[in-house]
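Remarks on the structure that follows.
Heads up: numbering here begins at 1 and tracks the sequence. What you see is a predicted model, and the numbers here were worked out from it, not measured in a lab.
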Amino acid sequence: MPATVHVRELTADDLDAAWELGRFAFGSDPERPAPASAPLPGLTRYGAFDDTGRLVGKAVDLHHDQWWSGRAVPAADVAGVAVAPEARGRGVARALLAGLLRGAHERGAAISVLYPTVAAPYRACGWESAGVLRTVDLATAALPRHRPASHLSVRAGTTADLAAVDALYEKVARHRNGMLTRRGGLFDAADRGLPGDGVTLVEADGELVGYATWQRGRGYGADSVLTVDEALAVTAEAARELVGVLGSWASVAPTLRLCPLDGDAVSTQLPLESAREHERDLWMHRPVDVALAVSARGWPAHTRGVVDFGLTDPLAEWNNGTWRLAVADGAAELTRVDGEADLRLDVRGFALLYAGAARARSIAQAGLLHGAGDPAALDLLGVGGPAQLLDYF
């Protein structure tokens, strides 16, 4: 590796080299797309350069917001990380991610999520595995059928319905943890054409209460698949109606492929006991700014408590130190305190607790929480329940 790696935001002049680096890393089409000269809203591209000025690494900070118990938390979600083959294993990715975290902290991001191709380099930088985006296959004929409800209407959606679809998604997502708000520059700038091949809407008295977006796929034989990009509802009746419509594809699409959302109205209608796993995409979480991560999110209104802990973060030095967590009345705060605490938490342990992915005793057994105090005291940090994602990036 060169003596020094220089990390900075990419400019328009760097984009060809960044595209080439990504092509080698991800095996994408060798045909070069039209060059993009203007900055894209809602993201920041970072590059790592050697002493000769050659680009040897790249990463993208996606300026997402995520719902955490009713409040939108600013995130720096990471995508497109690639390192030149000659520079791999030499600290380029670490320098690149440190620069990205610093920039994300300066712009006010609180947390970060990424989908890794390999987990170890991200663990070394403070991210930890916190969940899985599951895609499953179901036999379409196994979906329960029912008599259509007289007070509900089903119709095909158009682009004029997309605002209502967005609003229903938010009703489902905002009181969960981790799901994207789908607001802001990246989404405002996106093409608002009809997603996939079609949208099926369920309405009650003219109000949208459920929807499914889907892709028909090809053929109508035994290997034909109907891919449901998203199916959400806000009532059990609407969910049953949607599942009934999806089941009607059985004669021409024997397999239904979708990402179930744990415990939602649609998933509780599906025969998930017979699902076959099609794909698993691991996602990893870490705080960017621990104090902001705690204060920006919602917390269960019934939870109260105070606990002190020390925190060690290898890449974000502003997170290091001794902190006091106080939770009450649906809000929480982290404040710095003097001295040492009985409990010492690694940033990866913080990530697991915050995302509701593990209890404190398990984190202690994993070597991410140390000290003479009772580890269970830090379960206070994870009272919001498990996080889940529906978007891949």
Where [X] and [Y] come nearest, the two heavy atoms and their spacing:
X	Y	value
G263	R176	C-NH2, 3.7 Å
T181	Y169	O-CE2, 4.2 Å
T140	L256	OG1-N, 3.3 Å
L334	V290	CD1-O, 3.6 Å
Q269	V243	CB-CG2, 3.9 Å
D65	A75	OD1-N, 4.2 Å

My understanding is that only residues two or more places apart in sequence, or in another chain, count here; which of them pass side-chain hydrogen bond (donor to acceptor under 3.5 Å, both in side chains) with [X]?
X	result
S251	none
D14	R8, T11
R183	E170
Q388	none

When the side chains of residues 365-378 are checked against the rest of the protein, which donor-acceptor pairs come out under 3.5 Å, sequence neighbours left out?
unit_1, atom_1, unit_2, atom_2, d
H370, NE2, G367, O, 3.0
D374, OD1, R361, NH2, 3.0
D374, OD1, A376, N, 3.1

Which distance, rounded to the nearest 0.5 Å, do you find between the [atom1] of [X] and the [atom2] of [Y]?
X	Y	atom1	atom2	answer
L353	E128	CG	CD	11.5 Å
L315	L97	CG	CG	7.0 Å
T255	H278	OG1	NE2	10.5 Å
L100	L114	CG	CG	9.5 Å
S267	L258	OG	CG	7.0 Å
T200	L242	OG1	CG	7.5 Å

So do the side chains of [X] and [Y] get within less than 4.5 Å of each other, counting heavy atoms only?
X	Y	result
V136	P260	yes
T227	D229	yes
V56	V83	no
W323	D308	no
L380	V307	yes
T312	V347	no
L261	V172	yes
S112	M284	no

Do the side chains of [X] and [Y] get close enough for a salt bridge, i.e. N-O under 4.0 angstrom?
X	Y	value
R134	D281	no
R45	E9	no
E20	K58	no

Could you check whether atom [atom1] of [X] has more than 12 heavy atoms from other residues, nucleotides or ligands sitting under 6.0 Å from it?
X	atom1	result
R155	CZ	yes
R123	CZ	yes
R147	CZ	no
Q215	CD	yes

Parallel, tilted or perpendicular: which describes the rings of W127 and Y122, with under 30° parallel and over 60° perpendicular?
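Because their plane-to-plane angle is over 60°, the rings of W127 and Y122 count as perpendicular.
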Residues that [X] engages under ring pair (Phe, Tyr, Trp, His ring centres under 6.0 Å), provided they are two or more places apart:
X	result
H63	none
W249	W214
F393	H64, Y115

List in chain and number order the residues that pass side chain to side chain contact (heavy atoms under 4.5 Å, CB included) with A332, two or more places apart in sequence or in another chain; answer none if no residue qualifies.
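Expected list: V294, W299, L325, V327.
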W67/H175 aromatic ring centres below 6.0 Å
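Centroid distance W67-H175: not below 6.0 Å, so no.
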Counting the benzene-type ring for Trp, do W283 and Y392 have ring centres under 6.0 Å apart?
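W283 vs Y392: aromatic centres not under 6.0 Å.
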May I have all residue pairs that pass salt bridge (charged side-chain N to carboxylate O under 4.0 Å, His left out) and include part of residues 285-298, sequence neighbours excluded?
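Sorted result for residues 285-298: R286-D313.
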Would V306 and R324 count as a side chain to side chain contact (heavy atoms under 4.5 Å, CB included) here? Give the steps.
CA-CA 7 Å; V306 178; R324 175 165 296 156; 3.7 Å; yes
Residues D51, H6; criterion side chain to side chain donor-acceptor pair (under 3.5 Å); working and verdict:
CA-CA 8 Å; D51 285 334; H6 310 275; 3.1 Å; yes
Any side-chain donor paired with an acceptor under 3.5 Å for E241 and H146?
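Yes - a donor-acceptor pair under 3.5 Å links their side chains.
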We want to know whether Q66 and N177 form a side-chain donor-acceptor pair, criterion being a heavy-atom distance below 3.5 angstrom.
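No, because no side-chain N or O of Q66 sits under 3.5 Å from a partner of the opposite role on N177.
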Quick one: list whatever passes salt bridge (charged side-chain N to carboxylate O under 4.0 Å, His left out) with R216, sequence neighbours left out.
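If we apply the salt bridge (charged side-chain N to carboxylate O under 4.0 Å, His left out) test to R216, skipping adjacent residues, there are no hits.
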Apply side chain to side chain contact (heavy atoms under 4.5 Å, CB included) to the pair V252 and S224, showing each step before the final yes or no.
CA-CA 7 Å; V252 292; S224 181; 5.9 Å; no
Donor-acceptor list for residues 205-212 side chains, cut-off 3.5 Å, not counting sequence neighbours:
unit_1, atom_1, unit_2, atom_2, d
E207, OE2, K171, NZ, 3.4
Y211, OH, E230, OE2, 2.5

